[in-house]
Amino acid sequence: EDGHDGRWESRLRRRGGPARSTEHDDRERELRWLDCLVGGRQALLDLDGRLLVTRPLDLGDLPGDVMARARAISGECDRLAVEVFGLDELVAALRHLLAAALAADPGMLLRSTRDDTAMGALVWAVGQANALIGPEGHLLARELWPRLGVAPSAAGRGAALLERLAPGTDQLVAPPGAPRLRATGRPGALLGATRALLVSRRDE
């Protein structure tokens, strides 16, 4: 640009260049990332790394036919948690997410009759929330769908489920060195190992 003394000067130099990120800024960004994963600052402060305890499925007050479908979906999720991932604890996470999803969106099962797709969506969502799916996880996404016996399109329904539970978090960027975790906003959907990792990063 034309400088005040008639010479050319760089606009970038005149403005001091782009602001550099400070260590404090990086820590604040990471805290916001952690907040989104678990549902807020208080949930983050209360977080611990204990293993999940599997409890009976609590679906609240649902119509009889929807209740029966939800229990059937949950039963299939229970089986796949052990057969596909070999994780008994995953049963608790899947039950928690199903109950949370139906509480947030009671009409979830009324918009589709495909219970197999709903099951695939739940398994995909919990798998993504715990970094179980992908190069660093238990199996790749392309390996998941044949094991579940459902089409990969179930991932779209899983993404929509997560968007309802944790709106606007689909573009969350993990801090350097952190696993890529999809936000559920529900600590109960996170395995003990995942929560222990988040607690460690929180305390740092």
Side-chain angles (χ1 to χ4, degrees), residues 33-63 66-110 112 115-133 137-138 144 148 150 154-155 157-170 172 179-199 202:
W33 174 72
L34 291 166
D35 287 344
C36 290
L37 292 177
V38 300
R41 184 58 53 90
Q42 191 58 52
L44 178 62
L45 292 173
D46 294 340
L47 199 66
D48 61 59
R50 289 179 293 185
L51 296 178
L52 294 175
V53 176
T54 301
R55 295 185 171 86
L57 184 65
D58 181 10
L59 295 174
D61 186 20
L62 290 175
V66 177
M67 180 78 76
R69 289 177 62 195
R71 292 196 178 282
I73 291 168
S74 181
E76 192 65 6
C77 287
D78 291 354
R79 179 182 68 82
L80 293 166
V82 178
E83 290 185 7
V84 175
F85 295 95
L87 294 170
D88 291 330
E89 189 188 4
L90 193 59
V91 171
L94 285 162
R95 288 184 183 183
H96 184 90
L97 194 70
L98 175 57
L102 286 169
D105 180 15
M108 182 180 84
L109 296 181
L110 298 177
S112 172
D115 290 354
D116 57 338
T117 304
M119 172 273 296
L122 284 162
V123 172
W124 180 88
V126 173
Q128 293 288 336
N130 289 280
L132 299 177
I133 302 167
H138 281 234
L144 173 68
L148 299 184
V150 299
R157 191 167 175 186
L161 183 157
L162 291 179
E163 176 62 23
R164 283 191 291 274
L165 291 176
T169 59
D170 59 323
L172 270 182
R180 295 182 62 185
L181 304 173
R182 291 293 299 265
T184 64
R186 303 295 190 283
L190 302 178
L191 301 176
T194 305
R195 285 183 285 112
L197 172 66
L198 300 184
V199 166
R202 174 200 69 189

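Keep in mind that what you see is a predicted model, and the values were worked out from it rather than measured. Counting from 1, the numbers follow the sequence of the chain as shown.
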message = Ignoring hydrogens, what is the shortest heavy-atom contact between Leu148 and Met119? Give both atom names and the distance.
response =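 Leu148 and Met119 have their closest heavy atoms at O-CE, 3.8 Å.
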message = Going by salt bridge (Lys or Arg N to Asp or Glu O under 4.0 Å), name the pairs with one or both residues in residues 84-105, residues two or more places apart or in two chains.
response =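 Matches after skipping sequence neighbours: Asp78-Arg95, Asp105-Arg111, Asp105-Arg164.
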inquiry  = Can you confirm whether Arg79 is buried at CZ, in the sense that more than 12 heavy atoms of other residues, nucleotides or ligands lie under 6.0 Å from that atom?
reply    =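 Correct, the count exceeds 12.
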ask   = Any side-chain heavy-atom pair from Leu97 and Leu165 closer than 4.5 angstrom?
value =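 In short, these two side chains touch, coming nearer than 4.5 Å.
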task = Can you see which heavy atom on Leu59 is nearest to which on Leu62, and at what distance?
result =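 Heavy atoms of Leu59 and Leu62 come nearest at O-CG, 3.5 Å.
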ask   = Mind checking whether Val150 and Thr117 have side chains closer than 4.5 Å, heavy atoms only?
value =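 Contact flag for Val150/Thr117 side chains = no.
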query = Which heavy atom of Ala166 sits nearest a heavy atom of Ala183, and at what distance?
reply =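 Taking Ala166 first and Ala183 second, the nearest heavy atoms are CB-O, 3.7 Å.
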message = What's the separation between atom OG1 in Thr169 and atom CG in Asp35, rounded to the nearest 0.5 Å?
response =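 If we round to the nearest 0.5 Å, Thr169:OG1 and Asp35:CG are 12.5 Å apart.
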Gap between atom CG of Leu44 and atom CH2 of Trp33 - 0.5 Å precision =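 Rounded to the nearest 0.5 Å, the CH2-CG separation comes to 10.5 Å.
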ask   = Are Leu172 and Arg180 close enough that some pair of their side-chain heavy atoms sits under 4.5 Å apart?
value =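 Sidechains of Arg180 and Leu172: no contact.
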request  = Would you name the heavy atoms of Leu191 and Ala93 that are closest together and state the gap between them?
outcome  =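 The answer is CD2-CB, 4.2 Å.
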query = About how many Å separate OG of Ser112 and CZ of Arg69, when rounded to the nearest 0.5 Å?
reply =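 Atom-to-atom, Arg69:CZ and Ser112:OG are 7.0 Å apart.
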task = Flag yes if more than 12 heavy atoms outside Asp115 fall under 6.0 Å of its CG atom; otherwise flag no.
result =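 It does: Asp115 CG has more than 12 such atoms within range.
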query = Closest heavy-atom contact between Ile133 and Trp124?
reply =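 Smallest interatomic distance, heavy atoms only, reads CD1-O, 3.9 Å.
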task = Show the numbers, then the answer: is there a side-chain contact (heavy atoms from CB on, under 4.5 Å) between Leu161 and Arg157?
result = CA-CA 6 Å; Leu161 183 157; Arg157 191 167 175 186; 6.0 Å; no
message = In the structure I gave you, are the side-chain heavy atoms of Cys77 and Val123 within less than 4.5 Å of one another anywhere?
response =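 In contact.
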query = Going by heavy atoms in the side chains, are Leu162 and Thr184 under 4.5 Å from each other?
reply =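 Counting from C-beta outward, Leu162 and Thr184 do come under 4.5 Å.
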ask   = Would you say the side-chain atoms of Glu163 pair up with the backbone N or O of Gly168, donor to acceptor, closer than 3.5 Å?
value =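 Answer holds: yes.
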request  = Kindly indicate whether the side chain of Leu90, heavy atoms from C-beta on, has any atom under 4.5 Å from the side chain of Leu132.
outcome  =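 Yes, close enough: below the 4.5 Å cut-off.
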request  = I would like to know whether Leu98 and Leu57 meet side-chain contact (heavy atoms from CB on, under 4.5 Å); could you show each step before the answer?
outcome  = CA-CA 9 Å; Leu98 175 57; Leu57 184 65; 4.2 Å; yes
query = Between Arg195 and Asp48, is there a donor-acceptor pair closer than 3.5 Å when you use the side chain of the first and the backbone of the second?
reply =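 Yes.
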key: Non-hydrogen atoms of Met108 and Ala101 that approach each other most closely   =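 The answer is SD-CB, 3.9 Å.
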query = Between the side chain of Arg202 and the main-chain N/O of Leu47, is any donor-acceptor distance below 3.5 Å?
reply =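 Yes.
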request  = Output the distance between atom CG (Leu87) and atom CG (Leu52), rounded to the nearest 0.5 Å.
outcome  =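 So the gap between those two atoms works out to 11.0 Å.
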message = I want to check something: taking the side chain as every heavy atom from C-beta on, are Arg182 and Asp170 in contact at a cut-off of under 4.5 Å?
response =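 Yes; the side chains approach each other to less than 4.5 Å.
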query = Does the side chain of Phe85 reach to within under 4.5 Å of the side chain of Asn130, using non-hydrogen atoms?
reply =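 Answer no - side chains too far apart.
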